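A quick write-up on the structure given underneath.
Please read these numbers as outputs of a predicted model, since none were measured by experiment. Letters A, B, ... are given to chains in the order of the sequence lines, protein chains preceding strands, and every chain is numbered from 1.
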There are 2 protein chains.
Amino acid sequence: MVDQSAHASGESLLFLTDEQLRKGIEAMFFAYRGFTADPDRILEERGYGRAHHRAVHFIHRSPATTVNNLLAILGVTKQSLNRVLRTLIEDGLVESKVGTKDKRERHLTLTDKGRELERALSDAQRNRMRDAYRKAGPDAVQGFRQVLVAMMDSDMRRHYLALKDAGQ
Amino acid sequence: MVDQSAHASGESLLFLTDEQLRKGIEAMFFAYRGFTADPDRILEERGYGRAHHRAVHFIHRSPATTVNNLLAILGVTKQSLNRVLRTLIEDGLVESKVGTKDKRERHLTLTDKGRELERALSDAQRNRMRDAYRKAGPDAVQGFRQVLVAMMDSDMRRHYLALKDAGQ
DNA sequence: TTGGAATGTCAACAAGGCTGACTTAAAACG
DNA sequence: CGTTTTAAGTCAGCCTTGTTGACATTCCAA
């Protein structure tokens, strides 16, 4: 598709052979497995799955968030999320409080027990990320995040950037 | 965990605050959704899933590969892969040939119909990747792949690098 | 006061993982 | 040659996590 003999003109044109793109695709596939491997082990020990991890992560990230907000970020159906939330609430990891202003809304917050799980999961995942960053070197880290952000759908990028702002 | 006031010494020490690491983790999560979004649409139209995509991709990548090799790369059970392979063979996308040297082995190859699907899927995914690379700029691309490779488990990195070599 | 939004719940289903048990065929080994 | 191991396939059953559709409740807001 893209001629390998093309040459760079400034920095707007890249050497993007199908071969290079394919390597990027495969790297993404294999790396995502590594990315989830450590949390998966911890979750399995405790009888939870990735869906629980995602819920716990974003509740930790935005305490007192509503179910609707969580639905938008996670991109799953209400029924699917509800099944996960129910077990987390039953197990005492998440607290669901009826909204004071709008009583239809439920505000979700981690309990101490929930924070303990979140900590275990994010420690593992951060360690993996930190090691990868160190191995790849300082210059690589910027590029990594830039490409990932550019790969997101605009909706998800919106959510991602909103989270970034909130985190400051 | 990591003190934000740490300073770089050479290039071995990075500014790795928990906040930065968390952003990387969330970027990975949202980006993977974008990464799979386009193929998912194509697959759904044709009644297939991600598992079929993965099989088709790696059979295309390593024609006449064996079932065992595919199992190692995909990291799933024989039963799980077999369910997918069976439908692909029944639908005439994949051809399974008994090995000439070792008659226990089945060698898997895409048919014309299989190549057509593979083309549609990889075109979509390559376009996404190309756009992301272009938006992120030439410097970012190197870093992106470096971090991804560093994030893989060693087994997966071995498979990834083996594929790279084969592609030359 | 009524429409619609936010939430929750029930039922049913599908994809795609998993384990365990078992068969067949063929290679490899001793 | 006989035994063991390997490659592949199959059956049955289970789990997680996604889906759709239908429906009830609560309650804000026009």
(request) Take the C1' atoms of the five end pairs on each side of the helix from C:dT1-D:dA30 to C:dG30-D:dC1, derive the two axes, and give their angle rounded to 10 degrees. (result) 30°

(request) Tell me whether the centres of the aromatic rings in A:Phe58 and B:Phe29 are closer together than 6.0 Å. (result) yes

(message) So A:Asp18 and B:Arg126, do their side chains get closer than 4.5 Å, heavy atoms only?
(response) yes

(message) Please identify which of these residues, B:Val76, B:Val84, B:Leu108, meets the side chain to side chain contact (heavy atoms under 4.5 Å, CB included) condition with B:Leu70.
(response) B:Leu108

(request) Shoot me the first and last contacting nucleotide of DNA chain C against chain B, ordered 5' to 3', at under 4.0 angstrom to non-hydrogen atoms. (result) C:dG16 to C:dA27

(message) To the closest 0.5 Å, what do you measure between CD1 (A:Ile59) and CZ (A:Arg115)?
(response) 11.5 Å

(message) So B:Gly75, base contact, sugar-phosphate only, or nothing? Heavy-atom distance under 4.0 Å.
(response) sugar-phosphate

(message) Applying side-chain hydrogen bond (donor to acceptor under 3.5 Å, both in side chains), can you list everything that pairs with A:Glu105, at least two apart in sequence or on another chain?
(response) none

(message) Reading DNA chain D in the 5' to 3' direction, which nucleotide is the first one with an atom under 4.0 Å from a heavy atom of chain A, and which is the last?
(response) D:dT17 to D:dC28

(request) Could you label the plane-to-plane angle of the A:His53 and A:His57 rings as parallel, tilted or perpendicular, counting under 30° as parallel and over 60° as perpendicular? (result) perpendicular

(message) Do B:Glu26 and A:Leu163 make a side-chain contact, defined as non-hydrogen atoms from C-beta onward lying under 4.5 Å apart?
(response) yes

(request) May I ask you to decide whether B:Lys113 forms a salt bridge with B:Glu116, counting only side-chain N to carboxylate O separations under 4.0 Å? (result) no

(message) Using side-chain heavy atoms (C-beta onward) and a distance below 4.5 Å, is A:Phe30 in contact with B:Arg157?
(response) no

(message) Please enumerate all residues that pass side-chain hydrogen bond (donor to acceptor under 3.5 Å, both in side chains) together with B:Asp38, with sequence neighbours excluded.
(response) B:Arg41, B:Arg128

(request) Please tell me which of A:Lys101 and A:Val84 maps to the more 5' nucleotide of DNA chain D, matching each residue to the nucleotide holding its nearest heavy atom. (result) A:Val84

(message) Contact list please: residues 103-110 of chain A against DNA chain D, heavy atoms, distance less than 4.0 Å, in numerical order.
(response) A:Lys103, A:Arg104

(request) Just call it for A:Arg50: base, sugar-phosphate, or nothing, with non-hydrogen atoms closer than 4.0 Å on any strand. (result) sugar-phosphate

